[in-house]
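Note sheet for the following structure.
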There are 2 protein chains.
Amino acid sequence: MIYTKTGEYAIRAILFLARQPQDALIMSSEIAEREDIPSHYLAKILQRMAKYGYVDSFKGRGGGFKITKLAQDSSILEIVERIEGPVITLKCVTGLKECSDEHPCPLHDEWSKLRDNIHHLISSKSVRQVASEYNDNLKPIK
Amino acid sequence: MIYTKTGEYAIRAILFLARQPQDALIMSSEIAEREDIPSHYLAKILQRMAKYGYVDSFKGRGGGFKITKLAQDSSILEIVERIEGPVITLKCVTGLKECSDEHPCPLHDEWSKLRDNIHHLISSKSVRQVASEYNDNLKPIK
DNA sequence: CTTTATAAAGAGTTAAATATCCTAAAATGG
DNA sequence: CCATTTTAGGATATTTAACTCTTTATAAAG
Ligand code: FES
Ligand code: FES
């Protein structure tokens, strides 16, 4: 995968929250169960996302998490990179120490284009957009 | 990166060997030094590549490794996948459990195209081709 | 035949990612 | 105030990848 599991869990959780009714509070354990993510581990990820302002958290009875506007307006790339660091790093596909336009390997030109395309793919739409298309496409199938 | 370090080391070693004079025997330690790879670790990788038939190994004084025809004719993808398992797996960029044309997420169509392009990029040229273009492009710069 | 140089093989270590467990803090309901 | 529920935070455990060390096998050179 192009993300680590940690990043994948974060995105799954965020997209899950993005598809819930406005202002609904969802417990960490419920997300874990519905998305099949180790629950304690997800709790940690949600904690971090709360710090970053991607979710609001509410303790105690009736508490839980909800997605913030910030996260709704962020791209998948932004959130994943916040959680796990750079995605698809700048390294050379043939193993050169430096990947640069100046000292390109034989595959550099094509690879740098593809890399840009990947970044564009996961950064051009907001979580809100992805989630709403998700609902459009997927709900009927479920 | 799209490979693990292990896969990257394997490719670096193979491309290094591919650029040596025909039938020259190169010691594991020399490759490690020139390519700046942990030497014992590389030795293990070369061992595995010897088993897979990508390099021939010769023990004793004057011994070392040389690349085989099989490796010369293989693609980078084939070698990396043999060493480290599938590259850029089939998982969904938005975290769906299944990535499939039947139940596509909003980014699926573009992503599956990109994935194919990446695979094509690192599988359409043989190690021999890449190494020779390497020499053409890079030698003057050194 | 002995020494030396090299790869092979296996065991052991370290480090990083992933996952679990336990206690504390906060909010709610009685 | 007390009990319960839920997140917060820290400690610990497990797993996997990365790296190292040691011994053995093999070949060549003297
Ligand atoms: S130099 Fe090889 S991909 Fe950029
Ligand atoms: S279903 Fe999401 S990328 Fe294929």
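Scope of the values below: all heavy atoms of this structure, side chains included, with no hydrogens, waters or symmetry mates. All chains are named by letter (A, B, ...) in the order of the sequence lines, taking the proteins before the strands, and each is independently numbered beginning at 1.
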Working to the nearest 0.5 angstrom, can you tell me the gap between [X] [atom1] and [Y] [atom2]?
X      : Y      : atom1 : atom2 : answer
A/E84  : A/I79  : CD    : CD1   : 12.0 Å
B/L46  : B/Y54  : CG    : OH    : 13.5 Å
A/H108 : A/K113 : NE2   : NZ    : 10.5 Å
B/E8   : B/I76  : CD    : CD1   : 11.5 Å

Which whole-number value in Å describes the distance from [X] [atom1] to [N] [atom2]?
X     : N      : atom1 : atom2 : answer
A/M27 : D/dA8  : CE    : P     : 14 Å
B/I31 : C/dT6  : CD1   : P     : 13 Å
A/Y52 : D/dA8  : OH    : P     : 14 Å
B/E30 : C/dA5  : CD    : P     : 16 Å
A/E84 : C/dT18 : CD    : C1'   : 13 Å
A/I26 : D/dT5  : CD1   : P     : 19 Å
A/D36 : C/dA19 : CG    : P     : 11 Å
A/I37 : C/dT18 : CD1   : P     : 13 Å

- Task: Report the nucleotide, chosen from C/dA7, D/dT7, C/dT18, that has the shortest atom-to-atom distance to any side-chain atom of A/S28.
- Result: D/dT7
- Message: Please classify the nucleic acid contact of A/T6 as base, sugar-phosphate, or nothing, using heavy-atom distances under 4.0 Å.
- Response: sugar-phosphate
- Which part of the nucleic acid, if any, lies within contact of A/T4, taking any heavy atom under 4.0 Å across all strands shown: a base, the sugar-phosphate backbone alone, or nothing? sugar-phosphate
[X] side chain N/O closer than 4.0 Å to the phosphate oxygens (OP1, OP2) of [N]?
X     : N      : answer
B/S29 : C/dT6  : no
A/S39 : C/dT20 : no
A/Y41 : C/dC21 : no

Nearest non-hydrogen partners of [X] and [Y], listed with the distance:
X      : Y     : result
B/E78  : B/D73 : OE1-O, 4.5 Å
A/A32  : A/L42 : N-CD2, 3.5 Å
A/W111 : A/K91 : NE1-O, 3.3 Å

- Residue closer to the 5' end of DNA chain C, A/L42 versus B/L46 (nearest nucleotide): B/L46
- Message: If we ignore hydrogens and angles and just use 3.5 Å, is the side chain of A/Q72 paired with the main-chain N or O of A/V127 as donor and acceptor?
- Response: no
- Would you say the side-chain atoms of B/S75 pair up with the backbone N or O of B/S126, donor to acceptor, closer than 3.5 Å? no
- Task: Might you confirm whether atom NZ of A/K97 has over 12 heavy atoms from other residues, nucleotides or ligands at distances under 6.0 Å?
- Result: yes
- Over 12 non-hydrogen atoms of neighbours within 6.0 angstrom of NE2 in A/H119: yes
- Query: Does A/R34 make a cation-pi contact with A/F16 (under 6.0 Å, within 45 degrees of the axis)?
  - Reply: no
What N/O pairs connect the protein and nucleotides 10-15 of chain C at under 3.5 Å? Give each pair on its own line.
unit_1: C/dG10; atom_1: N7; unit_2: B/K44; atom_2: NZ; d: 2.8
unit_1: C/dG10; atom_1: O6; unit_2: B/K44; atom_2: NZ; d: 2.6
unit_1: C/dA11; atom_1: N6; unit_2: B/K44; atom_2: NZ; d: 3.4

Under 3.5 Å, which N/O atoms of the protein pair with N/O atoms of nucleotides 13-16 of chain D?
none

- Counting primed atoms, P, OP1 and OP2 as sugar-phosphate and everything else as base, the B/S/- map of nucleotides 22-30 of chain C against protein heavy atoms under 4.0 Å is ----BBBS-
